[in-house]
Amino acid sequence: MGVTKEDVESSLTSVLNPSHLEVIDTSGGCGASFSIEIVSEQFEGKRLLERHRMVNAALQEEMKQIHALSIKKALTPEQWKQQQEAENSQPAA
């Protein structure tokens, strides 16, 4: 059995304590490919590359079995709040 969505969520939660976390298994259930959106205070003062490295480090064991990891968003709580406000203020098309 490969890595599960719950495995990824558990590892990220225990290491990065996110205020928002969305993990999507994009492999069709085999656990080889995931898409992640994560918001954590631990990203404060870190550049995007450093944030991605933190996510990869948190998933060190899982990465041995994951073929593809797409980190869609790695934001601070303030960045997340601003993004949500911007998205909510845009008129519907």
Side-chain angles (χ1 to χ4, degrees):
M1 178 69 185
V3 177
T4 66
K5 173 182 182 255
E6 291 76 18
D7 293 335
V8 174
E9 290 172 339
S10 176
S11 292
L12 291 172
T13 299
S14 67
V15 176
L16 297 173
N17 191 29
S19 56
H20 169 77
L21 177 61
E22 182 177 349
V23 177
I24 300 170
D25 183 344
T26 56
S27 67
C30 73
S33 179
F34 292 91
S35 174
I36 295 173
E37 191 174 279
I38 184 168
V39 178
S40 174
E41 287 183 5
Q42 293 186 37
F43 294 151
E44 289 288 347
K46 305 278 194 293
R47 293 183 177 185
L48 186 59
L49 181 59
E50 293 173 291
R51 295 174 188 188
H52 283 221
R53 286 180 176 154
M54 291 170 71
V55 170
N56 281 308
L59 297 173
Q60 184 175 354
E61 285 302 309
E62 291 82 357
M63 290 303 290
K64 293 175 183 176
Q65 298 180 58
I66 294 174
H67 173 71
L69 180 67
S70 174
I71 305 170
K72 298 291 186 186
K73 295 180 184 173
L75 304 172
T76 65
E78 183 59 32
Q79 289 171 324
W80 175 251
K81 180 182 172 192
Q82 290 173 356
Q83 192 173 74
Q84 294 304 301
E85 290 171 353
E87 288 175 7
N88 292 334
S89 68
Q90 292 177 354

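What you see is a predicted model; the values in this text were computed from it and never measured.
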Give me each pair satisfying side chain to side chain donor-acceptor pair (under 3.5 Å) with a member in residues 13-33, each pair once, sequence neighbours excluded. His20-Glu37, Asp25-Ser27, Thr26-Ser33
Nearest non-hydrogen partners of Val23 and Phe34, listed with the distance: CG1-CD2, 3.8 Å
Give, for atom CD1 of Ile66 and atom CG of Leu59, the distance between the pair rounded to the nearest 0.5 Å. 5.5 Å
Once salt bridge (Lys or Arg N to Asp or Glu O under 4.0 Å) is applied, do any residues pair with Glu41, and if so which ones, sequence neighbours excluded? none
Give me the other members of the hydrophobic cluster that Leu49 sits in, counting Ile, Leu, Val, Met, Phe, Trp and Tyr linked by side-chain heavy atoms under 4.5 Å, directly or via other members. none
With side chains defined as the heavy atoms from C-beta onward, is the minimum distance between Pro77 and Glu44 less than 4.5 Å? yes
Are Leu75 and Leu12 connected into the same hydrophobic cluster when the rule is that any two of I, L, V, M, F, W, Y join if their side-chain heavy atoms are below 4.5 Å apart? no
Among residues two or more places apart or on two chains, list those pairs meeting salt bridge (charged side-chain N to carboxylate O under 4.0 Å, His left out) that have a residue in residues 4-15. Lys5-Glu9
Only pairs at least two apart or in different chains count here, so list each salt bridge (charged side-chain N to carboxylate O under 4.0 Å, His left out) that has a residue in residues 74-83. none
ring-ring contact (aromatic ring centres under 6.0 Å, His included) against His52, all qualifying residues, sequence neighbours excluded: none
Any pair counted as salt bridge (charged side-chain N to carboxylate O under 4.0 Å, His left out), so long as it reaches residues 48-70, sequence neighbours left out: Glu61-Lys64
Please give me the minimum heavy-atom distance between Pro18 and Ile38, naming the atom from each residue. CB-CG1, 3.7 Å
Nearest heavy atoms of Ser35 and Lys72, plus distance in Å: OG-CG, 3.2 Å
Membership question, hydrophobic clusters at under 4.5 Å side-chain separation (ILVMFWY): are Val8 and Val39 in the same one? no
Which value, rounded to the nearest 0.5 Å, describes the distance between Lys46 atom NZ and Met54 atom CE? 5.5 Å
If you link I, L, V, M, F, W and Y whenever their side-chain heavy atoms are under 4.5 Å apart, who else ends up in the same group as Ile24? none
What I'd like to find out is whether the side chain of Leu21 reaches to under 4.5 Å of the side chain of Ile36, using heavy atoms alone. yes
Test salt bridge (Lys or Arg N to Asp or Glu O under 4.0 Å) applied to Glu87 - qualifying residues, sequence neighbours left out: Lys73
